[in-house]
Visitor: 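If you scroll down you'll find the structure; I have some questions about it.
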Amino acid sequence: MTTDADTLRELLDSGALVGGLGKHMGIEITEASPERVVGRMPVEGNRQPFGLLHGGASCVLAESLGSIGSTVHAQQFGRIAVGIEINATHHRSATEGHVTGVATPVHLGRTLATWDITITDDNGRKVCTSRLTCMLRDAPQS
């Protein structure tokens, strides 16, 4: 499994992999390869009414990281990745700073890609664990 580094950098720099909701939530990708994707997100602006990091925000970070990894994997087959299932367990709250997610592949096939994502706070404490499965589909014709 290889991904041209220039192609990956171009995708990241263009915002194509972290546009829309991820950009709105302040997600930054700090590392991306076919074997590992790392990103972080501020807690500020992503809280629920009680001042805690919103569980849905953790899911957005997890899905963003797993989707980027799946997209990097899928491009070698001329395919795209679309999320079809996500689950998350929230272990502790975060109220300030940033949370960091690390996505690692569980399965990288020709039609499905599954990722484990661990999200930690600034002190390295586990906030959330998640699993994402993406379907790899043929790219739409222009």
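If you're wondering where the values come from, they're calculated on a predicted model, not measured in any experiment.
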Visitor: Linking I/L/V/M/F/W/Y whenever any side-chain heavy atoms sit under 4.5 Å apart, do Ile84 and Val72 land together?
Guide: no
Visitor: Indicate the atoms forming the closest heavy-atom contact of Arg131 with Asp116, along with that distance.
Guide: NE-OD1, 2.9 Å
Visitor: Does Val106 belong to the same Ile/Leu/Val/Met/Phe/Trp/Tyr cluster as Val38, with side-chain heavy atoms less than 4.5 Å apart forming each link?
Guide: no
Visitor: Could you see if Val82 belongs to whatever hydrophobic cluster contains Leu112? Use Ile, Leu, Val, Met, Phe, Trp, Tyr and a side-chain cutoff under 4.5 Å.
Guide: yes
Visitor: Taking Trp115 as the fixed residue, which of Leu108, Ile86, Thr133 is the one that meets the side chain to side chain contact (heavy atoms under 4.5 Å, CB included) rule?
Guide: Leu108
Visitor: Let me see the working for Lys126 and Ile119 under side-chain contact (heavy atoms from CB on, under 4.5 Å), right down to the final yes or no.
Guide: CA-CA 6 Å; Lys126 196 176 289 187; Ile119 299 173; over 6 Å; no
Visitor: Linking I/L/V/M/F/W/Y whenever any side-chain heavy atoms sit under 4.5 Å apart, do Met135 and Ile117 land together?
Guide: no
Visitor: Search all heavy atoms of Leu132 against all heavy atoms of Glu63 and return the closest pair with its distance.
Guide: CD2-O, 3.7 Å
Visitor: Report the C-alpha distance between His91 and Thr89 in whole Å, list the side-chain angles of each, state the deciding distance to 0.1 Å, and finish with yes or no for side-chain contact (heavy atoms from CB on, under 4.5 Å).
Guide: CA-CA 6 Å; His91 306 288; Thr89 301; 3.5 Å; yes
Visitor: Do Val102 and Leu61 share a hydrophobic cluster (ILVMFWY, side-chain heavy atoms under 4.5 Å, transitive)?
Guide: no
Visitor: What are the two closest heavy atoms between Pro140 and Ile80, and how far apart are they?
Guide: CD-CD1, 3.9 Å
Visitor: Find the distance between CG (Asn123) and CZ (Arg92) and round it off to the nearest 0.5 Å.
Guide: 9.0 Å
Visitor: If you measure from NE2 on His90 to CG on Leu53, what distance do you get to the nearest 0.5 Å?
Guide: 8.5 Å
Visitor: Would you name the heavy atoms of Leu136 and Gly109 that are closest together and state the gap between them?
Guide: CD1-O, 3.3 Å
Visitor: Check Arg79 against Arg110 and note the closest heavy-atom contact, atom names and distance.
Guide: NH1-O, 2.7 Å
Visitor: Step by step, would you call Val99 with Thr120 a side-chain contact (heavy atoms from CB on, under 4.5 Å)?
Guide: CA-CA 5 Å; Val99 291; Thr120 56; over 6 Å; no
Visitor: Between Glu96 and Arg47, which heavy-atom pair has the shortest distance, and what is it?
Guide: CA-NH2, 4.0 Å
Visitor: How many angstroms lie between CG in Asn46 and NE2 in His98, if you round to the nearest 0.5 Å?
Guide: 9.5 Å
Visitor: Donor-acceptor pair, distance only, cut-off 3.5 Å: does the side chain of Asp121 make one with the backbone of Ala94?
Guide: no
Visitor: Please assess Met25 against Leu21 for the test side-chain contact (heavy atoms from CB on, under 4.5 Å), listing each intermediate value before the final yes or no.
Guide: CA-CA 6 Å; Met25 296 181 74; Leu21 184 58; 3.8 Å; yes
